[in-house]
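Reminder, nothing fancy here: chain letters follow the sequence lines and each chain counts from 1.
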Amino acid sequence: MEIPTIKADRRTEVGTRVSRLIREQGLLPGIIYGHGETPEAFQLSAHEFKLHLRDGVRLLKVDFGGQAGDYLIKDVQYDHLQKDPVHIDLTRVDLNERITVNVSIELRGTPKGIADGGILDHILDHIEIECLASGIPQTLHPSVADLGVGDALTAGDLELPAGVALNTDPDVKIAAVNLLATKSATATEEGDEPSSTEPERIGGRPEDQGDDSGDSK
Amino acid sequence: MAMMPKRVKYRKFQRGKIRDRATSGNSVSYGEFGLQALTKGWITARQIEAGRVAATHYLHREGKVFMRIFPHKSISAKPLETRMGKGKGEPAHWVACVRSGTMLYEIGGVEEDVARGAMVRIAAKMPCRCRFVVRRHGL
């Protein structure tokens, strides 16, 4: 997969106020670190970066005015609505070195246990793997079609691409098909009338339970 | 039974002020789809329960509904035709303080269009503006 190139500018001013001003201009603040070198602050086009992120890109070729290098997207911070990125972390990477990254898991197929009244629980949506920087799989797509009720897919069951090693405990469950806890229809759907009972008071004496002030004098 | 804490240290709360925006509990963590609050406010135990009932009814008990908020705060009220004074009223109901960005409900184990339909019905029961979100896989 070809590594996309993105233009960026180094910046000397850092801090919350400066970052806010950068975002108002449609840019995204970020930092580069790794390989024992000095961290460098930079800014790049927020729109362009979001398009690459949407395509599932993990490696970027960042061009600082003719001086380009390969970087791994280490972390992306989002706003309070988890919608727009507000800051990115890039780490220096050599395409031939082995790195540890988290890769997302998207399940494929409908488990046969669903026909028997089961429900698919997607317990873990990413795993840690070790691979070459140039060969990071975008997403893993294990099939869950064979899972019956009570069966589980573990990390050890995953078929990893060549050159990729699992860094997670192989016994960790990724998905499982379980039966739904059955309750009576009235209790589940309609609910009961609100009770007038009050919660128990922690540390309160029995005679204080109905006291208005809550103080014992 | 309406949602309320089992044990509390104090029966009555001051009204408080919902400051800032959600910095935690603002991403889809349990299911595949979520309903996110876009404005802040109090959501009563009845509203939370009404949302759950609406979703369960729509889903025909398929999939799984996760409630991400809980009414921890009691709201007191004075009886009708009572003169002012004589101390703070008795707890009347319980509310969850919700900040902008808080994930209210999550649904897993169903297709997106089904989850979207259920979330629309929950949103109609909520006192705040909401939006439907899909879990982000990866960065």
Are any of the side-chain nitrogens in B/E49 or B/R46 under 4.0 Å away from the carboxylate oxygens of its partner? no

Heavy-atom cut-off 4.5 Å, strictly under: side chain, backbone, both or neither for B/K6 against chain A? backbone

Is A/I123 in contact with chain B via its backbone, its side chain, both, or neither, using a 4.5 Å heavy-atom distance? neither

I need the residue from B/K64, B/R99, B/E62 with the largest number of non-hydrogen atom pairs under 4.5 Å to chain A. B/K64

Is there a donor-acceptor contact under 3.5 Å from the side chain of A/K74 to the main chain of A/R92? no

Please classify the contact of B/S27 with chain A as side chain, backbone, both or neither, using a heavy-atom distance under 4.5 Å. both

Give, as side chain, backbone, both or neither, the part of B/R135 having an atom under 4.5 angstrom from any heavy atom of chain A. side chain

Whatever's closer than 4.5 Å to a heavy atom in chain B on A/I119 counts as side chain

Quick check: does any side chain N or O of A/T91 sit under 3.5 Å from a backbone N or O of A/L72, one acting as donor and the other as acceptor? no

Which answer fits A/H126, side chain, backbone, both or neither, if we ask what part of it has an atom under 4.5 Å from a heavy atom of chain B? neither

Of the listed residues (B/S100, B/G109, B/G108), which shares the most heavy-atom pairs with chain A below a 4.5 Å separation? B/S100

Under 30°, 30 to 60°, or over 60°: which ring-plane class applies to B/F13 and B/W94, parallel, tilted or perpendicular? perpendicular

Could you check whether B/K40 pairs with B/D20 (Lys NZ or Arg NE/NH1/NH2 to Asp/Glu carboxylate O, under 4.0 Å)? no

Chain A contact via B/A55 - which portion, at a heavy-atom distance below 4.5 Å: neither

For a quick test of reading the model, state the closest non-hydrogen atom pair linking A/V101 to A/C131 and the distance between them. CG2-SG, 4.3 Å

